[in-house]
Novice: 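First the structure, which I've put down as structure tokens, then a few questions once you've had a look.
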2 protein chains.
Amino acid sequence: MNESTHLAAVLRPVRAGNAFEETVERLLQAIKLGMVTEKLPPERELAARLGISRVTLREAIRALQEAGYLDVRRGRYGGAFVTYVPPPPSQGDLRRAVADMGTDDLADALTFRMAVECGAAQVLAAAGIDGERRDTLRRRLREVNSAGPDDYRRLDTAFHLAIAELTGSSLLAAACADARLRVTDLLNAIPVLQRNIQHAAAQHEAIVAAVLAGDPDAARRAVAEHLEGTAALLRGFLA
Amino acid sequence: MNESTHLAAVLRPVRAGNAFEETVERLLQAIKLGMVTEKLPPERELAARLGISRVTLREAIRALQEAGYLDVRRGRYGGAFVTYVPPPPSQGDLRRAVADMGTDDLADALTFRMAVECGAAQVLAAAGIDGERRDTLRRRLREVNSAGPDDYRRLDTAFHLAIAELTGSSLLAAACADARLRVTDLLNAIPVLQRNIQHAAAQHEAIVAAVLAGDPDAARRAVAEHLEGTAALLRGFLA
DNA sequence: CATCAATGGTCTGACACTGGCCCAATAGAA
DNA sequence: TTCTATTGGGCCAGTGTCAGACCATTGATG
């Protein structure tokens, strides 16, 4: 194994696609994750946030509009309104989603998610968090644990992301968001069963308890167990 | 805290800069990390790897040539030869590097690195590795632990990256490479003391032992301790 | 009803980036 | 010496992207 082994990690493609494609992807994920429930920010603001021109953003919005995800209205109090509602889960969708990304990429994504989420929980537990942030974490926990099937995925995402964000590292938050994005389609394709929610709730409790107790090992273990459960659920529906 | 809190993580800039800038950055990092010690791959191949046009790549190479990092020669057996040699560490360089990135970004980078590297070690330990990969890991360990001050940083990078790569997740490998890149300039600015090398060597041994033993908690703890040591070293030189 | 502020819609000139093609130089091979 | 494969160097036409300015529409407000 010579030096070129590591080169792959550094000399990888500089950009994933053109600006238009990446923008469509981003917006689609924001919508599917339920992070934008009403309407998108104004074009000018959104373009600035995404670091692209308004023209490119508008092309992406138009594509999503034509695909039925958005309803764009002009005039004051207008905007790009989200019309997307998650489709009912089906095994067919799951298999298609897996086929779309390939089994290698699936393993990659699950491994990546395991690493960054465990890392985030561990860091947060090790650093300790102050009163206000403790409240935030507890609130997220309450929200996801009291969610109904419709809101569950969205609030689960919010909970997991909150852990990364509370570390104060935007790089870590971005990595966790990215990891979650990569499995969104898969999770959306499997049904949300009350039994699974309750099982996950106990694990969420354990994660929060470990973080609040400042126990990095316990936090790591709790997250690992939780994500293992999710992965097992996926495998179950695929088998 | 409404839904918009999480938006920051998803509606972040789509691209970090233009293709030229990103390419210069990539190549510079590959050079500084010592991953390219002799010469770069041919322009045509490199452009394909980086997913950019040859024109853009050539501009980046010319910039690095003018900055004294490369020596470009034409004709068969020509190419872009690396002329860069790491400058002697100095406190001034360190302070400048810190000032360049800002203290917030520094904390962000250190936190990010802690999370992803701990996550990688944990995942690798949990998954277990076969004979061939065990040998790879052991070889990397031997190399870094027997390195002299000149080669130390390069082989240390190789060792840390090997852990991420052995998980088989290219996303994770990329994240770890990215994390390392963000602290390269800082590490290059602090002197490599024999005492520090020996201290780190013991920690590297502990990491490998935990991974080979399949003990995720121990692996996590060993990496955390190691990176804490590095962070403390940085703080010490800054104080 | 007239006005206004916020928002999407459109256009233009400039620059960045691409893909492809051919030229120039170089060192080894014949 | 001559040939040849490999590599960097240069150029061009086409497309993507940008920044900014201006137009069009809308619903609230006075």
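Since the model is a prediction, treat every value here as computed from it, not as a measurement. Naming convention: chains lettered A, B, ... in sequence-line order (proteins, then strands); numbering from 1 in each chain.
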Novice: Grab the CZ-P distance between A:Phe81 and D:dT26 for me, whole Å please.
Specialist: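 So the CZ-P distance, A:Phe81 to D:dT26, works out to 13 Å.
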Novice: Over how many whole Å does the gap from B:Glu21 atom CD to D:dC18 atom P extend?
Specialist: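 These atoms are roughly 13 Å apart.
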Novice: From the list D:dC18, D:dG9, D:dT17, which nucleotide is the closest neighbour of the side chain of A:Ile52?
Specialist: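 Comparing D:dC18, D:dG9, D:dT17 against the side chain of A:Ile52, the answer is D:dC18.
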Novice: Please determine whether a side-chain nitrogen of the Lys or Arg among A:Arg12 and B:Asp178 lies less than 4.0 Å from a carboxylate oxygen of the Asp or Glu.
Specialist: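 Salt bridge: no.
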Novice: Is it the case that the base of D:dA28 and the side chain of A:Arg76 share a donor-acceptor contact (distance under 3.5 Å, atom types as modelled)?
Specialist: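 No such pair is found, so the answer is no.
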Novice: Does any part of the side chain of B:Tyr69, heavy atoms only, come nearer than 4.5 Å to the side chain of B:Leu28, both counted from C-beta?
Specialist: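 Answer yes - side chains close enough.
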Novice: Where the side chain of A:Ala19 is concerned, which of C:dA25, D:dT17, D:dT25 is the nearest nucleotide?
Specialist: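 Per side-chain heavy atoms of A:Ala19, the pick is D:dT17.
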Novice: In terms of side-chain heavy atoms, does A:Asp108 have a donor or acceptor partner in B:Ser169 at a distance below 3.5 Å?
Specialist: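 Indeed, the side chains of A:Asp108 and B:Ser169 share at least one donor-acceptor pair under 3.5 Å.
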Novice: Given the structure, check if the side chain of B:Arg54 and the base of C:dG19 hold any donor-acceptor pair shorter than 3.5 Å.
Specialist: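 No.
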Novice: Check if the side chain of A:Arg44 and the base of C:dG8 share a donor-acceptor pair of N or O atoms closer than 3.5 Å.
Specialist: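 Between C:dG8 and A:Arg44, which were checked side chain against base, a qualifying N/O pair under 3.5 Å is present.
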Novice: State the CD-CD1 distance between A:Glu43 and A:Ile61, to the nearest 0.5 angstrom.
Specialist: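 So the CD of A:Glu43 and the CD1 of A:Ile61 are separated by 5.0 Å.
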Novice: Between D:dC18, C:dG19, D:dC22, which nucleotide gets closest to the side-chain atoms of B:Ser53?
Specialist: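 Ranking D:dC18, C:dG19, D:dC22 by closest atom to the B:Ser53 side chain puts C:dG19 first.
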Novice: Using a heavy-atom cut-off of 4.0 Å across all strands, would you classify A:Gly17 as base, sugar-phosphate, or nothing?
Specialist: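 Touches nothing.
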Novice: Check DNA chain C against residues 55-70 of chain B and give the residues with a non-hydrogen atom under 4.0 Å, in numerical order.
Specialist: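 Heavy-atom contacts with DNA chain C come from B:Val55, B:Thr56.
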Novice: Please report, rounded to the nearest Å, how far the P atom of D:dC18 is from the CZ atom of A:Phe20.
Specialist: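 One finds 13 Å between P of D:dC18 and CZ of A:Phe20, rounded.
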Novice: Rounding to a whole Å, what distance do you find between A:Arg74:CZ and D:dT26:P?
Specialist: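 These atoms are roughly 7 Å apart.
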Novice: So, are B:Arg26 and B:Glu22 salt-bridged, with charged N and O less than 4.0 Å apart?
Specialist: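 Salt bridge flag = no for B:Glu22 with B:Arg26.
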Novice: Which is it for A:Leu137 and A:Arg142 under the side chain to side chain contact (heavy atoms under 4.5 Å, CB included) test, yes or no, and what are the steps along the way?
Specialist: CA-CA 9 Å; A:Leu137 186 57; A:Arg142 274 201 315 273; over 6 Å; no
Novice: Send over the distance from B:Leu46 CG to D:dG9 P, rounded to a whole Å.
Specialist: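 These atoms are roughly 13 Å apart.
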Novice: Between atom CD in B:Glu43 and atom C1' in C:dA25, what is the gap in whole Å?
Specialist: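 Spelled out: CD on B:Glu43 to C1' on C:dA25 is 13 Å.
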Novice: Tell me: CG of B:Asp71 to P of D:dG9, nearest whole Å?
Specialist: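 So the CG-P distance, B:Asp71 to D:dG9, works out to 11 Å.
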Novice: May I have the distance from A:Lys39 (atom NZ) to D:dG27 (atom C1'), rounded to whole angstrom?
Specialist: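 Spelled out: NZ on A:Lys39 to C1' on D:dG27 is 12 Å.
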Novice: Within the 4.5 Å heavy-atom criterion, are B:Glu66 and B:Arg62 side-chain neighbours or not?
Specialist: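 A side-chain contact exists here, since the closest heavy-atom pair is under 4.5 Å.
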